Each structure stands twice: as structure tokens, then as C-alpha cells.
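Everything on this sheet refers to the single structure shown next.
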Amino acid sequence: MASKALTFYARFAPSFTRIGYLARGLPLRSGGRSLAGQSWLVTGATGGIGRALALGAARRGARVIAVGRNAEKLKALADEGSRQKEGGPFETIERDLSLVGDNLSLAEEVGRLDALINNVGNLPPEHRLTSEGFEQSYATSLLGQFALTEALLDQGKLDGAAVVNMASGGMYNAPLDTSLLDLPPDRYNGFLAYAANKRAQLALADHWAARVDAYTMHPGWVATQGVSDALPWMDRWIGPLLRSPAQGADTALWLASKRPKHAEGRIWFDRAARKAHHYDLTRNPRSSVEDVVAKLRADVAKVENQS
Ligand SMILES: NC(=O)c1ccc[n+]([C@@H]2O[C@H](COP(=O)([O-])OP(=O)(O)OC[C@H]3O[C@@H](n4cnc5c(N)ncnc54)[C@H](OP(=O)(O)O)[C@@H]3O)[C@@H](O)[C@H]2O)c1
């Protein structure tokens, strides 16, 4: 297990760290056109990549709705967003995005959007359940954003919009497999759950592509609180090589403003559609896109039927 992890991190370090960002010339690429007049919603916006994304979109003129669960952090973010010179209007909404109910009420509360960035995600080391009874990382990184996006689509609030799912290079370690989603305590492994959720996000972009400009991307390895908590060795060993949150946010901002053609079965990284498989173990999916959507629909329905 340790040697497999070591091989994975050694293989991708040149590309996923700051080195790849610099080698691909991204600092020299244009920030892109003004987003004035657009409405963007960013989930998990009180820290890390989501925070950089929300502030970056506002700096380019978008009206930003930043969603998080911590009132104090939201207040600090709103103050910073509103202080930006020539920035667009900056709003915050408090929700626990691991809850289907909170995601559905969020969809009701907001109006039409030009961009939805499904950024929130986590890697809990131990199995935990949400108050709705789902495993925490599945609920946060997949089920909640499925509920939010489907509700917005059904309400016509994403007509003509872009949806960007923030996945991870960790998905290279898991096939598409519904039996790895919402793992029970006796089968729980945080890295496996994380990889499986992120793999499923890729399937969702393919599912939504008929209705919106849909993309799944990964940000590389970025210096954030999430990484310090889940992978503390990264800070210790390659801290200076980690990307900044703004560098991690770059491709999401580019995708939702540039709107390249959807690339089925591919994952976006550093402004290009890249292959979704590096290992044989993931090439033959054990579930289909339709299976994943059916599971997520059934889990959303469980919550709706309870209330
Ligand atoms: N950093 C990386 O190297 C990396 C690599 C690959 C993929 N990603 C992906 O990129 C995304 C962002 O990662 P990050 O490293 O920026 O994460 P992070 O530092 O942990 O920040 C996540 C943000 O989401 C918020 N959040 C977490 N759970 C929430 C919930 N249930 N409801 C509302 N807000 C919630 C957190 O707020 P609190 O402060 O309240 O917890 C925090 O503001 C994730 O999907 C992650 O998997 C990151």
C-alpha cells in the first residue's frame, strides 16, 4: 500500500505541483475576459481553492454567491470580497453542503446563474455519517452537489450556464463503481472513498453535458487547509512545490468563462482536456454513468421522502 502511494505521488509530482503549472506556461496566459453581468455560485468558498475562485471571479466583475458553513469565515470573506476594487457584487450564503436538504434549499434561494462551481469536497480519515445518514465524504463531495445541480437544472436556473466539478487526480486510483460510493464503516478507507467520489464527478459532467456546458477538472496539488489536514506529509515534504490556491482555481475560472467544447470522458487540468485513466484497474468501469445517476437520484429521494 505504502509503495503504491509512493509510486503515485512520484509519478504525478512534476505535473501536479507548481512545476507543471510553470512548465505549461500558465502564468503567461491571459486571465480572460470580463465577467461583468454574470452570476457565479461557488461552493466551499470560505477557504482554499473555493475562496480563491470566488474572489477571482468577483475581481473580474462577476456577481459572486459564495457558499460555506461557517458564519465567521463567511463574514470575513464577504468583507474581503466587497473591498475588492472594481469587483462585482459579493454575497454569501450559509449552508452545510454535506446535507441534501441544505443543497435543495440553496437551489430554491438563488436565481439564474451563469456559472456553478461545485468545488466543495473533503477526505475524512474515519467513517462518519451526516445527520441525513450518508457517509460524510460521499455526501459532501458528490451527493450534495448532485442534488444542488439537478435542482438548479430542473428550475431552469442553469439555462445557458457552465457547471464545473472540482475533482482530483486522486480519481486515477478508482474505477467508476457505485459499490464504492457511500461506503459502510467496515469497508471505509478515506482515500478509496475520495477517489471513487471524484471519479463519479467525471461521470456527472458527461451526464449534464446535454443540458449545460459541463466540465470536471482537477486543480493539481494545492497548499490549502484541506491538504494540511488530510495529507500533512505533503506540507512537510513538498510544501514549497504545492500550487497556490489561485493557481488551483485557474482552470475553473478559465473553463467557466471560455466554455470550451465538452470533452466526454476526459478530465480538465491546466486548461486542457486530459486522459481519465493512467492505470489498468480503472479502465473497465464496474458501473455506468446511468448507474451512478440512478444511485444519486435514489439517495436524494430518500431525503425528500423523509421531509
Ligand atoms: N488542495 C488540493 O491539493 C486538492 C487537490 C485535488 C482536489 N482538490 C479538491 O478541491 C476542492 C477544494 O479543496 P481545498 O483543498 O481548497 O479544500 P479546503 O482547504 O478543505 O477548503 C474547503 C472549503 O469547503 C468548506 N466546506 C467543507 N465542508 C463543507 C460543508 N459541508 N458545507 C459547506 N462548506 C464546507 C470548508 O469550510 P470549513 O472551513 O467550514 O471546513 C472550506 O472553506 C475539493 O473538492 C478538493 O477535493 C484539492
Side-chain angles (χ1 to χ4, degrees), residues 8-9 12-13 15-18 20-21 41-56 65-77 92-103 105-106 117-124 128-132 134-145 147-148 164-173 190-191 193-202 216-235 238-239 241-252 267-270:
F8 174 83
Y9 288 110
F12 292 109
S15 174
F16 290 5
T17 58
R18 203 176 268 268
Y21 191 83
L41 189 151
V42 181
T43 68
T46 46
I49 299 166
R51 184 172 173 283
L53 253 162
L55 292 170
I65 304 166
V67 187
R69 62 181 166 186
N70 180 305
E72 264 174 45
K73 289 183 189 175
L74 283 169
K75 167 87 178 64
L77 177 63
T92 56
I93 298 184
E94 188 181 333
R95 286 291 188 287
D96 181 342
L97 294 162
S98 70
L99 299 176
V100 170
D102 275 29
N103 279 282
S105 76
L106 174 61
I117 315 290
N118 286 321
N119 167 73
V120 74
N122 63 354
L123 195 168
R128 287 197 307 256
L129 290 180
T130 66
S131 57
E132 292 174 340
F134 299 104
E135 184 275 306
Q136 182 73 237
S137 75
Y138 165 69
T140 309
S141 309
L142 192 64
L143 180 62
Q145 50 198 254
L148 173 64
V164 179
N165 297 332
M166 187 65 73
S168 164
M171 69 146 213
Y172 287 121
N173 292 311
F191 291 97
Y194 182 78
N197 294 326
K198 297 297 184 184
R199 172 68 65 185
Q201 283 185 298
L202 196 64
T216 297
M217 62 159 288
H218 80 86
W221 296 339
V222 183
T224 64
Q225 192 57 49
V227 161
S228 301
D229 293 344
L231 303 166
W233 65 265
M234 263 200 173
D235 282 344
I238 56 167
L241 293 179
L242 293 176
R243 295 176 179 217
S244 69
Q247 291 170 347
D250 173 77
T251 293
I267 183 157
W268 292 85
F269 173 52
D270 280 350

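Treat the numbers as computed from the prediction; the structure is a model and nothing was measured. Note that ligands are numbered from 1 as they come in the structure, with each ligand's atoms numbered from 1 the same way.
- Between Ala147 and Asn103, the shortest heavy-atom contact is CB-CB, 4.3 Å.
- Among protein heavy atoms, atom 46 (C) of ligand 1 sits closest to Tyr194 OH, 3.7 Å.
- Ligand 1 places these atoms under 4.0 Å from at least one heavy atom of Trp221: 3 (O).
- Looking only at heavy atoms of the protein, atom 32 (N) of ligand 1 is closest to Leu97 N, 2.8 Å.
- Given atom 15 (O) of ligand 1, the protein heavy atom at minimum distance is Thr224 OG1, 2.5 Å.
- Counting heavy atoms from C-beta on, the side chains of Phe191 and Asn173 never come closer than 4.5 Å.
- A donor-acceptor pair under 3.5 Å links the side-chain atoms of Glu132 to the main chain of Val100, judged by distance alone.
- When Gly248, Gly47, Pro219 are ranked by how near their heavy atoms come to atom 4 (C) of ligand 1, first place goes to Pro219.
- Aromatic ring orientation, Trp221 versus Phe16: perpendicular (interplanar angle above 60°, classes split at 30° and 60°).
- Among all protein heavy atoms, the one lying closest to atom 36 (C) of ligand 1 is Thr46 OG1, 4.0 Å.
- Using a 4.0 Å cutoff on heavy atoms, Gly220 counts as a contact of ligand 1.
- No donor-acceptor pair under 3.5 Å is formed between the side chain of Gln201 and the backbone N or O of Thr216.
- Note on ring orientation: taking the six-membered ring where Trp is involved, the planes of Phe269 and His218 are parallel (angle under 30°, cut-offs 30° and 60°).
- In the vicinity of Val120, heavy-atom distances shorter than 4.0 Å reach the ligand 1 atoms 24 (O), 26 (N), 27 (C), 28 (N), 29 (C), 35 (C), 45 (O).
- Inclusion of Ser168 in the set of residues having an N or O under 3.5 Å from an N or O of ligand 1 is not warranted.
- Between Ala167 and ligand 1 there is a heavy-atom distance shorter than 4.0 Å.
- When only interatomic distances are considered, the shortest N/O to N/O separation between Ile49 and ligand 1 falls below 3.5 Å.
- Distances between N or O atoms of Lys73 and those of ligand 1 include at least one value under 3.5 Å.
- Here the CE atom belonging to Met234 is positioned 10.5 Å from the OG atom belonging to Ser228, to the nearest 0.5 angstrom.
- At least one heavy atom of Met166 sits closer than 4.0 Å to an atom of ligand 1.
- With respect to atom 44 (C) of ligand 1, the closest heavy atom belonging to the protein is Asn119 O, 3.2 Å.
- Residue Lys198 places at least one N or O, backbone or side chain, under 3.5 Å from an N or O of ligand 1.
- Here CG of Asn165 is found 8.5 Å from CG of Leu202. Values are rounded to the nearest 0.5 Å.
- The backbone N or O of Leu242 sits less than 3.5 Å from a side-chain atom of Arg18, completing a donor-acceptor pair.
- No N or O atom of Val227 sits closer than 3.5 Å to an N or O atom of ligand 1.
- Put simply, the side chain of Ser137 never gets that close to the backbone of Tyr194: no donor and acceptor are under 3.5 Å apart.
- Two residues are said to be in side-chain contact when any heavy atoms from C-beta on lie closer than 4.5 Å; Arg95 and Arg69 fail this criterion.
- Using a 4.0 angstrom heavy-atom cutoff, Arg95 counts as in contact with ligand 1.
- With hydrogens left out, the protein atom closest to atom 28 (N) of ligand 1 is Arg69 CZ, 3.4 Å, a heavy atom.
- Of the N or O atoms in Asn122, none lie within a sub-3.5 Å distance of an N or O in ligand 1.
- For atom 20 (O) of ligand 1, the nearest protein heavy atom (residue, atom name, distance) is Gly226 CA, 3.2 Å.
- With rounding to the nearest 0.5 angstrom, the CG atom of Leu143 is 11.5 Å from the CD atom of Gln136.
- Protein heavy atom nearest atom 3 (O) of ligand 1, with residue, atom name and distance: Val222 N, 2.7 Å.
- In this structure, OG1 in Thr140 is found 4.0 Å from CG in Asn122, a value given to the nearest 0.5 Å.
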